[in-house]
Amino acid sequence: MKRDGRETFSIVNPPPNAYMRPHIGNVSGYAYQDVLLRYHRLFGKKVLGQPGKDHAGIQGEVVVEKIFIENKGKTKLDMGREKFYKASYAHFEKLMPMVMSDEQRIGLSSDYDRNLFTLDPKVVETVLGTFIKMFADNMVYKGVRIVNWDPVAQTTLADIDTERVERETELVYIKYPVSRQRVWFLSFRSKEVLERIRSGKKTIETRALNPDEPDRFFGDIQTGDLIVCVDKTDGQTLYRKVREVTAFTSMKDAFDGLDLRQVFEQEPGSLDEMRERYASLADGYAERIDKNGLVAITFAELGDDDFLTVATTRAETMLGDTAITVNPADKRYKELTGKTVALPLVDRTIPVITSARVDKEFGTGAVKLTPAHSYDDYVMMTEWNEEHPDDAVGYINIISKAGTLSGPVPERYWGMKSEDARAAVIRDLDRMGLIVKREPHTQSVMIGERSKAVIEQIMSSQWFIDVERLKQPAIAAVKNGDVTIHPEYMNKKYLHWMENLHDWPVSRSLWWGYRIPVWYKGELKEEINDEGQVIESINGTAVKGIYDAVEKGLALVQIDSPGEGWIQDEDVFDTWFSSGQWPYATIKANGLMDTFYPTDVMETGYDILELWVSRMIMLSLYTQGTVPFTNVYLHGLVKAPDGQKMSKSKNNVIAPEEIIKDYGADSLRLLYVVGNKPGSSYPVSYEKLEGYKRFLNKIWNAAKFVLLNLQDVDGAALEDMDRTKLAFNDDDRTMHAHLDALVSETKRRMEGFHLGVAAQELYDSFWHTFADIYIEQIKERLYTRDKEGNPLNMEGDDLESRRAAQWSAYTILKTYLVLLHPFIPFITETVWQELPRYKDDAETIMYAKWPGS
RNA sequence: GGGUAGUUAGCUCAACUGGUUAGAGCAUUCGCUUGACGUGCGAAAGGUUAUAGGUUCGAGUCCUAUACUACCCACCA
């Protein structure tokens, strides 16, 4: 970019984790970044390489805590938040120089005196400022969402911080009674009533008006309705269909119309006697019947068709079911879709809905939907609600943060752990005859990476950023070319991700990071209410979201504490919220925005295009009104020699030192660059490294040869020679032409970000054209003695020819060194220092001039 | 299931917006060389660019279909 007359070029180096030494793949990026930095320096530009080190969020927190435990026997809880943070900061400061030395060893020529830590107060200020701006712009909110909750560590975990383990469980088939019309709940506290239903006596009288549900008129009960008979004394529930209904308006009416022997064991005898019997069932019952009437129902047993069977590994979560889901294309359930089923044990009704996510082949093809405790169910619920806002289903959270059952479930389950509750629920359902079968099943369970505790998915209130306003400009920036992505096909991945982007959850339950700048006037409490809904309160006052809290004077969004009694939000920001601001946060911290922002290139691995690059673009457009960089170069990943992904667990990681020790940093850089294209991965090849080492040796020897043959000329004299008057022959002219073409070709390749091709061509040209052909050609003209030791090429035309060859060899070598320098800085610099120094020559090849510039 | 790529020499990979005879490293075969070279040089062999169609004066490159492979995202109730 051109600013103030002098061209500038800037790259922000992606900050490596500061807590560990990088492996050979981690440092590959620096090679590409450095090639670009050095290349642009050769054009006399003002160049900035902005380095930094990352605090690494949860991984960083885990690593340092482990060290504290080992060294001092103290966990983070022992230390307390403030102390832990300070100690961690000090620890990271100690580690940073080590990581920095790894960057330097690979040759990264960034401005190390400007190095920044991600938690540097200057950076923090920028990051938090963005959140405050978003708050002012109405873009942040707290929303209830399903999270991975580690009941042992008492924290939410990102998916990446969890593991999956196979576990033998059983798939339990549970049948739910279907209601094709309406469902009625009849609850009894009298065994007698239930006995009559159970004992085959098919007629029962009931209240015309249910005092518990004053709006329901039981006179509406019709044939075919489902009756759920709940015995409140022992939890047993019976399900019956209505066969026939007879309505009476008064006790007398009923007395006349009923065969009372079907109702009572004995003949009631008289109306009064009957009234007495009814009164014994409940206080004032008889009076109410007199007043409101009576319904006599003939029941029928439910048949197989009247149940809908689901298969589940987590029977206990049925207590929190809010729907049954079937595949819309599943003919078996066509008729039931839109109907309701009665949920046993908790006596609720839930609808049968559809989702294409349901696999018809698995289990029974019907899934119980527990949105509060299953991520998949949560997604299905969300999708359903988006498409059917009028028939939206909710969630019911029944598991507390302690990992035990709570909320709107029968009291006997309260406090049970999931697994105990599962057994209890299965036992209870079995007693009711609702368990169809149980079969062994292998299930993969999510456990905490660190605690190894089984993760409970629960509903929790989290901070969100509304991305609608962020995403559109970021999509446009790539579409209209403000940002160019290399390789080009990655555009599609970027756009696909961006177009499907949903609101961004930005809070994490950690200490090591950017604490959310929100203050509460008292304690913020998150609780599950009797309906299983998550509710928040500050100092006992219920609040609905942050704007409500601020309005009520119970919360403030600002960086510094408002004073005594105010408590800061416990969470920190998601790592991408801060790293997404890294380009301008760093350059701003160094006071260089006017000169170097927006930057020219973001060079990083293709694997974080969506996670990181997209966020940098969004956040820079939002806060700075400009893209953070004009080009994105996405390198491939370095794989182990056998083509496998390098990872600690596979024990196949290679440290940069190992390679540098045997082959040199330049060879390693060539391995990264030569012949590779962006976006595709490549394995470490010791054969190639060997080849590059020989290439470096070739350069060294070619240079040595040229210098040996320059001994009789003064450097300055050579430089002052008039090129047009030298006695070049065809060999020289061919070589010159080749080199001229190479210079412009290399430039063209570099400008187009074809680093791999550029390096490959330089490699081939130097070795096979310059060294193999041209140097061989000029040997005869350069030698000063023949095989017998007589003087040669020392006078007349021979000397003229020799001078031309010397001049050519020297200038060509110099040109090659400059062209090669961005790729192999160490060897080119070493050779450069061996060359005679001329008046215009830079002290270091880093500041040499690109040929012709 | 959704997305993105890949399939080119024995192996690992290139080939810039379609343009000579598809290249390199390593491996293989033969020869030469030691006065820049840890060696190096020269030469050879090795390909119907996954398959089948299509567009074009011209296709590894563009289009369609198929078959495999890899990666990312989602998922296994």
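Residue numbering restarts at 1 for every chain, and letters A, B, ... go by the order of the sequence lines. Owing to the predicted nature of the structure, the values given are computational and were not obtained by experimental measurement.
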Chemist: Name the orientation class of the two ring planes belonging to A/Y816 and A/F766 (parallel below 30°, tilted from 30 to 60°, perpendicular beyond 60°).
Modeler: perpendicular
Chemist: Could you list by number each residue of residues 747-755 of chain A showing a heavy-atom separation from RNA chain B of less than 4.0 Å, or answer none if no residue does?
Modeler: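 Per residue number, the list reads A/R748, A/R749, A/H754.
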Chemist: Work out how far the C1' atom of B/rA70 is from that of B/rA50, and round it to whole angstrom.
Modeler: 15 Å
Chemist: Please classify the nucleic acid contact of A/A771 as base, sugar-phosphate, or nothing, using heavy-atom distances under 4.0 Å.
Modeler: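 Here A/A771 touches the bases of the nucleic acid.
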Chemist: Is the shortest heavy-atom distance from the side chain of A/M498 to the side chain of A/M618 under 4.5 Å?
Modeler: yes
Chemist: Exactly one of A/R803, A/R781, A/R802 should register a salt bridge (Lys or Arg N to Asp or Glu O under 4.0 Å) with A/D732. Which one does?
Modeler: A/R781
Chemist: Atom pairs under 3.5 Å, N or O on each side, protein against nucleotides 61-64 of chain B: can you list them with distances?
Modeler:
none

Chemist: Name the residue from A/L762, A/I827, A/L696, A/T815 that meets the side-chain contact (heavy atoms from CB on, under 4.5 Å) definition with A/L820.
Modeler: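 Testing A/L820 for a side-chain contact (heavy atoms from CB on, under 4.5 Å) against A/L762, A/I827, A/L696, A/T815 leaves exactly one candidate, A/L762.
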Chemist: Measuring only the C1' atom in each nucleotide, how far is B/rG10 from B/rA27? A whole number of Å is fine.
Modeler: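 Comparing C1' positions in B/rG10 and B/rA27 gives a spacing of 7 Å.
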Chemist: Does any N or O in the side chain of A/S374 come within less than 3.5 Å of the main-chain N or O of A/P371, such that one atom is a donor and the other an acceptor?
Modeler: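 No: the side chain of A/S374 does not pair with the backbone of A/P371.
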Chemist: Taking the basic N atoms (NZ, or NE/NH1/NH2) and the acidic carboxylate oxygens, is any pair closer than 4.0 Å for A/E456 and A/R314?
Modeler: yes
Chemist: Please check if the side chain of A/R348 supplies one atom and the backbone of A/L319 the other of a donor-acceptor pair under 3.5 Å.
Modeler: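 Yes, the answer is positive, given that a donor and an acceptor are paired below the 3.5 Å cut-off.
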Chemist: Within the 4.0 Å limit for protein heavy atoms, which parts of nucleotides 19-29 of chain B are touched? Write it as a string from 5' to 3', B for base, S for sugar-phosphate only, - for none.
Modeler: -----SSS---
Chemist: List the steps, then state whether side-chain hydrogen bond (donor to acceptor under 3.5 Å, both in side chains) holds for A/H768 with A/D772.
Modeler: CA-CA 5 Å; A/H768 303 301; A/D772 289 350; 3.0 Å; yes
Chemist: What integer number of Å spans the P atoms of B/rA9 and B/rA5?
Modeler: 22 Å
Chemist: Parallel, tilted or perpendicular, judged at 30° and 60°: which one describes the rings of A/Y763 and A/F695?
Modeler: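 Tilted.
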Chemist: Return the orientation label for the A/Y686 and A/Y663 ring planes: parallel under 30°, perpendicular over 60°, tilted otherwise.
Modeler: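 Answer is tilted, since the angle falls between 30° and 60°.
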Chemist: Do the rings of A/Y633 and A/H486 sit parallel, tilted or perpendicular, given the 30° and 60° boundaries?
Modeler: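 It falls in the tilted class, 30° to 60°.
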Chemist: Under 4.5 Å between any side-chain heavy atoms of A/L637 and A/Y606, yes or no?
Modeler: yes
Chemist: Which residues satisfy the salt bridge (charged side-chain N to carboxylate O under 4.0 Å, His left out) test with A/E745, sequence neighbours excluded?
Modeler: A/R748, A/R749
Chemist: Distance check, P atoms only: B/rU7 and B/rC63, in whole angstrom units.
Modeler: 14 Å
Chemist: Kindly indicate whether the side chain of A/M318, heavy atoms from C-beta on, has any atom under 4.5 Å from the side chain of A/T312.
Modeler: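 Contact flag for A/M318/A/T312 side chains = no.
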Chemist: Where are the stems of RNA chain B, defined as at least 3 consecutive Watson-Crick or wobble G-U pairs with both distances under 3.5 Å?
Modeler: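 Detected stem regions: B:1-7 with B:67-73, B:10-13 with B:23-26, B:28-32 with B:40-44, B:50-54 with B:62-66.
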Chemist: For B/rC75 versus B/rG6, give the span between their C1' atoms, rounded off to a whole number of Å.
Modeler: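 25 Å, rounded to whole Å.
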Chemist: I'd like to compare against my own output: the B/S/- annotation of nucleotides 3-9 of chain B with a strict under-4.0 Å heavy-atom distance to protein.
Modeler: SSS----
Chemist: Does A/N709 offer a backbone N or O that forms a donor-acceptor pair with the side chain of A/Q806 under 3.5 Å?
Modeler: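 Side chain of A/Q806 to backbone of A/N709: a pair is present.
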